[in-house]
Amino acid sequence: MNRRRLFIQLYSLSLLGLTVWAGAFFLEMRAEYNLLKQSEANIRRQLADERARLAEQNRILERLKTDPAYVARMLRKLNYARPDEMVFRFED
């Protein structure tokens with residue numbers, strides 16, 4: 001009878017230890033999962049921002065291909081002038 005009681009106690013103790021270990025493992029994996037979900041959300045936000053930036057650049061590129069007035073305006077912003085013009089630069 002004493003041997004059986006010892007066996008039950010050892011079994012209960014090992015089962016309790018395994019339960020504690022599984023709980024700790026679960027909590028650690030849950031924390032890692034939350035971190036990965038947060039990282040995924042950040043990457044998706046960055047992807048959306050980059051897609052919007054790409055769409056804007058494509059719009060500008062298309063405008064540069066088709067709108068001569070826009071090209072002239074952009075060149076003037078870069079301080080380019082026509083051959084018969086003179087450019088004056090003023091310090092702010």
Side-chain angles (χ1 to χ4, degrees):
M1 190 73 158
N2 199 9
R3 190 177 223 184
R4 183 176 171 181
R5 189 173 180 183
L6 178 65
F7 179 73
I8 291 174
Q9 286 177 347
L10 285 176
Y11 180 73
S12 298
L13 188 61
S14 63
L15 189 59
L16 179 65
L18 183 62
T19 303
V20 169
W21 176 82
F25 182 76
F26 173 77
L27 290 176
E28 184 180 333
M29 288 301 111
R30 183 68 180 177
E32 187 175 339
Y33 173 76
N34 289 336
L35 234 137
L36 288 173
K37 289 295 273 184
Q38 186 178 20
S39 176
E40 179 188 19
N42 289 338
I43 290 171
R44 287 187 185 276
R45 197 173 317 113
Q46 286 176 351
L47 179 62
D49 292 344
E50 292 302 319
R51 282 184 175 160
R53 189 169 149 242
L54 178 62
E56 177 66 19
Q57 288 177 348
N58 283 335
R59 187 185 65 77
I60 291 171
L61 181 61
E62 194 59 37
R63 218 166 152 198
L64 286 170
K65 288 179 182 178
T66 59
D67 188 359
Y70 182 73
V71 173
R73 194 168 46 248
M74 290 297 113
L75 287 173
R76 289 196 181 278
K77 281 186 180 179
L78 296 172
N79 294 322
Y80 283 93
R82 293 188 178 124
D84 59 338
E85 291 180 333
M86 192 178 289
V87 176
F88 294 96
R89 294 181 191 166
F90 299 98
E91 297 291 324
D92 289 336

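Note that these values count all heavy atoms, side chains included, but never hydrogens, waters or copies made by symmetry. Every value quoted in this text rests on a predicted model; they were computed, and no experiment measured them.
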ask   = Given the rule in the side-chain contact (heavy atoms from CB on, under 4.5 Å) test, do K37 and E40 qualify, once you have shown the distances and angles that lead to the verdict?
value = CA-CA 5 Å; K37 289 295 273 184; E40 179 188 19; 3.9 Å; yes
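- Hydrophobic clustering (side-chain heavy atoms under 4.5 Å, transitive across Ile, Leu, Val, Met, Phe, Trp, Tyr) keeps Y80 apart from M86.
- Annotation: Q57, atom CD; neighbour count of heavy atoms from other residues, nucleotides and ligands within 6.0 Å is above 12.
- Summarising the local packing, CZ of R73 is surrounded by more than 12 heavy atoms from other residues, nucleotides or ligands at distances under 6.0 Å.
- Side-chain atoms of S39 never come within 3.5 Å of backbone atoms of L35 as a donor-acceptor pair (strictly under, hydrogens ignored).
- E85 is listed as a side-chain neighbour of R76, based on a closest heavy-atom distance under 4.5 Å.
- The structure places CZ of R3 at 9.0 Å from CG of L6, a figure rounded to the nearest 0.5 Å.
- Salt-bridge annotation for R53 and E56: absent, with no side-chain N of the basic residue lying under 4.0 Å from a carboxylate O of the acidic one.
- Few gaps surround CD on Q9; more than 12 heavy atoms of other groups in view lie less than 6.0 Å from it.
- Atom CG of N2 is surrounded by 12 or fewer heavy atoms from other residues, nucleotides or ligands within 6.0 Å.
- Atom OH of residue Y70 and atom CG of residue L75 lie 11.0 Å apart, to the nearest 0.5 angstrom.
- Rounding to the nearest 0.5 Å places CG of L61 at 10.0 Å from CG of L54.
- Closest non-hydrogen pair, V71 versus L64, comes out as CG2-O, 3.2 Å.
- Side-chain contact between L18 and S14 is absent, with no heavy atoms from C-beta onward closer than 4.5 Å.
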inquiry  = Could you walk me through whether R45 and N42 satisfy the side-chain hydrogen bond (donor to acceptor under 3.5 Å, both in side chains) test, starting with their C-alpha distance in whole Å, then the side-chain angles of each, then the deciding distance to 0.1 Å, before giving a yes or no?
reply    = CA-CA 5 Å; R45 197 173 317 113; N42 289 338; 2.9 Å; yes
